[in-house]
Amino acid sequence: MNLPQNTWFVIAAYNEAGRIGAVLEELMKIGANVVVIDDCSADTTSEVCAAFNCVIIRHPINLGQGAALQTGMDYAKSRRANIVVHFDADGQMQLKDVPAMVEPIVTGAAQVTLGSRYLHANNQVPWSKRWFIHFPAVYLQWFLTGLKLSDAHCGFRALSAEAVEICKIKQNRMAHATEILELISDNGLRYKEVPVDIKYHQYGQRFKKGIAILFDLFLLK
Amino acid sequence: MKLIIAQYILLIPVIVLIVSTIQKYRQKNIQTITLVATLFFWLFIATIIIFPNLTQIAANFVGIGRGVDLVVYITLSVIIMVIVQVISRNMELEQKITQLARQIALKDAKEKKDTDLVIDNK
């Protein structure tokens with residue numbers, strides 16, 4: 001797989017010792033630049049990562065996924081990354097989708113690409129998750145940010161160097177997904193949705209967590 | 001003038017707070033102006049507890065039926081203001097802690113290639 005020069009994968013990891021190894025192994029095969037942000041995991045995430053040729057940044061205290069991504073982007077910036085890819089630590093996102101994600105950025109068609117689980121006709125998303133969580137989220141998103149996307153929070157993103165410069169995530173926890181869209185719309189960044197496949201191991205977030213995200217979103221307004 | 005039991009009960013925390021404020025001042029933990037302002041505030045509260053009818057005058061003036069209602073409204077709005085302030089302070093703090101933790105984390109970033117280089121140089 002040919003990735004553009006100085007593409008950095010940012011992986012936020014929290015207690016992912018069991019899964020992150022396989023993800024890093026795949027990334028190492030294609031010689032990717034990877035920075036793992038260990039968000040003060042209680043397990044051996046850092047030790048597992050140490051076996052690979054990647055950069056490991058460990059938060060001294062647990063800050064949340066949004067904060068971890070921002071730390072990773074700060075690091076990538078210091079390495080003059082041309083493209084930053086937000087990747088996950090548990091193997092839900094697939095490497096085969098990466099070229100399609102970065103391509104619009106290389107050609108200049110977009111400054112940010114957002115993965116979408118729903119642009120594919122036969123996606124694997126459980127129907128209950130689709131109708132009761134994602135569907136309302138898409139419309140709330142539209143209301144909050146003015147962006148109407150087919151998928152609200154996929155988490156698979158690629159950002160150009162300018163976009164990384166502009167995106168300063170302040171939402172430490174999960175509300176960062178909406179915050180990034182707000183940053184895109186406020187700064188008039190060019191964005192594009194790209195169909196991706198997501199493998200579901202289990203139900204991601206619980207409903208209670210969703211309420212906590214809403215709380216974060218409205219308070220930091 | 002005879003005080004009812006509720007008034008005695010309400011006066012206890014006020015007296016405790018007045019005494020502790022004076023103690024803090026003696027230990028030079030607070031400034032004179034803070035002492036005066038705090039004492040005025042608690043003496044005002046004590047006055048209201050002892051002469052609740054005073055609030056009736058204020059309530060009539062602003063057009064609220066009962067003095068107690070006025071006190072409840074004011075107390076509630078003060079509490080809400082304080083909560084809002086605490087939340088925003090909390091968020092500011094969180095941002096500061098995040099930045100601090102991030103800087104520490106970035107400083108200690110383990111770069112495998114670079115550490116290998118350092119060993120080679122030795």
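We name chains A, B, ... by the order of the sequence lines, and we start the count at 1 in each one.
Among A:Ser78, A:Pro60, A:Cys49, the residue making the largest number of heavy-atom pairs under 4.5 Å with chain B is A:Pro60.
By the neighbour-count criterion of 12 heavy atoms within 6.0 Å, atom CD of A:Gln5 is sparsely surrounded, having that number or fewer from other residues, nucleotides or ligands. Summarising the local packing, NZ of A:Lys77 is surrounded by more than 12 heavy atoms from other residues, nucleotides or ligands at distances under 6.0 Å. The neighbour count for B:Ile5 CD1, taken as heavy atoms of other residues, nucleotides or ligands under 6.0 Å away, does not exceed 12. Atom CG of B:Leu93 has more than 12 heavy atoms from other residues, nucleotides or ligands within 6.0 Å.
Nearest approach of B:Arg102 to A:Gln70, heavy atoms of both residues: NH2-CB, 3.2 Å. Pairing each heavy atom of B:Ala101 with each of A:Leu63, the nearest pair is CB-CD1, 3.8 Å.
The line from CD of B:Glu94 to CZ of A:Arg173 is 4.5 Å long, rounded to the nearest 0.5 Å. B:Asp108 CG to A:His59 NE2: the interatomic distance, rounded to the nearest 0.5 Å, is 11.5 Å. Put simply, CG on A:Asn172 and CD1 on B:Ile97 are 9.5 Å apart, with the number rounded to the nearest 0.5 Å.
Contact of B:Leu106 with chain A is made through backbone and side chain together, with heavy-atom distances under 4.5 Å.
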